[in-house]
Amino acid sequence: MLNMKLLKGSSLEVSAWCKYEDVDAKTQEVRPILSILSPEGEVYGTNSATFIADFESMVELFGEDGVDVIEVISGTSKAGREFITCA
């Protein structure tokens with residue numbers, strides 16, 4: 001699985017997607033992971049809460065099969081940290 005951050009500023013066609021839980025190797029916390037499959041067979045994943053929430057909002061609005069392409073964008077938090085999300 002490739003890191004979603006690699007696509008900052010790019011678009012990604014969505015062939016399929018899934019959300020699952022995994023255990024963080026450092027903290028042992030259970031965290032949600034969103035994985036997206038491209039038409040080329042590449043899988044991109046993220047554990048970004050902002051990205052996952054925004055993606056789920058798009059799915060809620062357009063339906064499970066209605067999200068065909070997303071744009072991976074970045075921003076800066078009030079604390080000065082960079083994050084990614086989608087549009």
Value rounded to 0.5 Å, distance of OG in Ser48 from CD1 in Ile84:
5.5 Å

Are Ile36 and Val14 close enough that some pair of their side-chain heavy atoms sits under 4.5 Å apart?
yes

Among all residues two or more places apart in sequence or in another chain, which pass the side chain to side chain donor-acceptor pair (under 3.5 Å) test with Glu42?
Tyr44

Cluster question for you: counting only ILVMFWY and a side-chain heavy-atom cut-off of under 4.5 Å, with indirect links fine, are Phe62 and Val59 together?
yes

Just wondering, do Ile70 and Phe51 contact through their side chains at under 4.5 Å, heavy atoms?
yes

List the residues meeting salt bridge (charged side-chain N to carboxylate O under 4.0 Å, His left out) with Lys19, not counting sequence neighbours, and say none if there are none.
Glu56

Single-linkage hydrophobic cluster Val67~Leu7, side-chain heavy atoms < 4.5 angstrom:
yes

Are Phe55 and Thr85 side-chain neighbours, meaning at least one heavy-atom pair lies under 4.5 Å?
no

Nearest heavy-atom neighbours spanning Gly45 and Met1:
CA-SD, 3.3 Å

Where Ser15 and Ser38 come nearest, the two heavy atoms and their spacing
OG-C, 3.5 Å

Scanning both residues in full, the closest heavy-atom pair of Leu12 with Met4 reads CD2-SD, 4.2 Å

Could you go through residues 28-35 and list every donor-acceptor pair under 3.5 Å that involves a side-chain atom there, pairing it with any protein atom two or more places apart or in another chain?
residue : atom : partner : partner atom : Å
Gln28   : NE2  : Ala25   : O            : 3.0
Arg31   : NH2  : Asn47   : O            : 3.4

Verify same cluster id: Leu6, Ile52 (apolar side-chain graph, 4.5 Å)
yes

Under a 4.5 Å cut-off applied to non-hydrogen side-chain atoms, are Glu71 and Ser10 in contact?
no

Looking at every heavy atom in both Ala87 and Ile73, which two are closest together, and how far apart are they?
CB-CD1, 4.1 Å

